[in-house]
Amino acid sequence: MRDRIVILISLFLFASVAWGQRSAPQSMPGMDMSGHDMSSMQMKDMPMGSDKDADASAHAMHSMEGQMDMGPHMKMTALRPAKPGDAARAQEVVAAARRASEKYTDYHVALADGYRIFHPELPQKMYHFTNYGYAMEAAFRFNPEHPTSLLYEKHGDDYKLIGVMYTAPKRMGEEQLDARIPLSVAQWHEHVNFCAPPADRRKEMIGPHPQFGLRGSIVTEEACDAAGGTFRPVVFNWMVHVYPFEKDQASIWSVARQHGDAD
């Protein structure tokens, strides 16, 4: 089962990288490429089906289970002092997120509108329903009424809508992120310092006290090289969650919840 998951997720990452090269996403029945990575990596660096793809993708998927905390593998934007107009701009994003998502309280409507569940066969604390077109659009411009993903919790056979996720290319600096959503209100995050293990040591990432992966002790390229791994300074794109149905600003933009849900 684990090998099957690794293969599926490696295909997901390949498709995501293809988005970063401005090519159209490939439709794969039963899968969602999720829009988490529309990077500027060169295709020669990430061949389809490679062990390096599987390492990065599988471990990122494992991190979605809500167990990752902020540390050397998570980069956050710092909260800035508020500028005039920030609160109003942020509220406009919240209102747009609410308008865009409220009709998807019934998840069947989301599926009918083209959203796809990221690995529905895997138990997750939170499920991403992603729109391929919106994921590609987010690589070039920000439309708050087109969130990359809808966020759901699963209850039995039903899904409960809890929020949305926006993405931005990892090449963007903080000024560009601030132009999308004020950094005095929202904190974006990305996954960093990833050391992919050699093919024969992949299982170590999910063992106790791992060296490799997003929970690993290795956080520098030098240490990764010494351990025989492959270092990537950044994997996947900038991400931010918004919970537009909450009642107060702290809950709407909750960083603690964002990390608890962990992309």
Side-chain angles (χ1 to χ4, degrees), residues 32 34-36 38 64 76-118 125-155 158-170 172-190 236-263:
D32 172 31
S34 167
H36 287 358
M38 292 168 287
M64 289 182 185
M76 297 288 299
T77 57
L79 276 176
R80 295 183 172 189
K83 303 188 304 293
D86 278 3
R89 283 205 300 128
Q91 187 54 41
E92 288 174 1
V93 172
V94 174
R98 189 181 299 116
R99 286 194 304 271
S101 61
E102 60 188 355
K103 68 177 179 178
Y104 298 124
T105 301
D106 181 347
Y107 77 93
H108 296 95
V109 178
L111 295 176
D113 276 3
Y115 284 89
R116 296 292 177 262
I117 310 173
F118 180 66
K125 182 176 180 180
M126 181 194 62
Y127 291 78
H128 293 64
F129 285 50
T130 298
N131 184 297
Y132 300 115
Y134 294 167
M136 180 177 287
E137 179 185 26
F140 306 105
R141 72 184 188 96
F142 180 57
N143 184 341
E145 296 201 8
H146 291 173
T148 296
S149 298
L150 304 171
L151 308 177
Y152 290 85
E153 292 175 344
K154 193 170 186 180
H155 299 272
D158 198 12
Y159 291 90
K160 177 185 176 182
L161 179 67
I162 61 171
V164 305
M165 184 181 77
Y166 296 107
T167 55
K170 66 181 182 180
M172 282 191 170
E174 291 196 0
E175 292 302 323
Q176 293 169 294
L177 296 176
D178 183 70
R180 292 192 172 202
I181 304 177
L183 297 186
S184 61
V185 177
Q187 287 183 270
W188 296 71
H189 72 270
E190 62 181 0
F236 310 119
N237 277 350
W238 287 108
M239 310 170 217
V240 65
H241 290 186
V242 184
Y243 305 98
F245 305 107
E246 297 296 336
K247 303 301 182 184
D248 60 86
Q249 292 300 303
S251 299
I252 289 171
W253 301 101
S254 173
V255 172
R257 187 174 184 182
Q258 185 171 179
H259 282 82
D261 291 335
D263 299 289

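In terms of modelled atom types and a separation under 3.5 Å, the side chain of Arg98 and the main chain of Pro244 share a donor-acceptor contact. Proximity of a side-chain donor or acceptor of Asn237 to a complementary backbone N or O of Lys170 within less than 3.5 Å is detected. Here the side chain of Gln187 pairs a donor or acceptor atom with the backbone of Thr77 at under 3.5 angstrom. Put simply, the side chain of Arg80 never gets that close to the backbone of Pro182: no donor and acceptor are under 3.5 Å apart.
Side-chain contact between His128 and Leu151: present, with at least one pair of heavy atoms (C-beta onward) separated by less than 4.5 Å. At least one side-chain heavy atom of Trp253 sits less than 4.5 Å from a side-chain heavy atom of Val93. Annotation: side chain of His241 is in contact with side chain of Met126 (closest heavy-atom distance under 4.5 Å). The closest side-chain heavy-atom distance from Asp113 to Lys103 is below 4.5 Å.
In the model, Ser184 has a side-chain atom that pairs as donor or acceptor with a side-chain atom of Asp86 under 3.5 Å.
Qualifying side chain to side chain contact (heavy atoms under 4.5 Å, CB included) partners for Leu111, counting only residues two or more places apart in sequence or in other chains: Tyr107, Ile117, Phe129.
Other residues, nucleotides and ligands place no more than 12 heavy atoms under 6.0 Å from the NZ atom of Lys160.
Test Trp188, Tyr134, Tyr166, Trp238 against Phe142 for ring-ring contact (aromatic ring centres under 6.0 Å, His included) and you get one pass: Tyr166.
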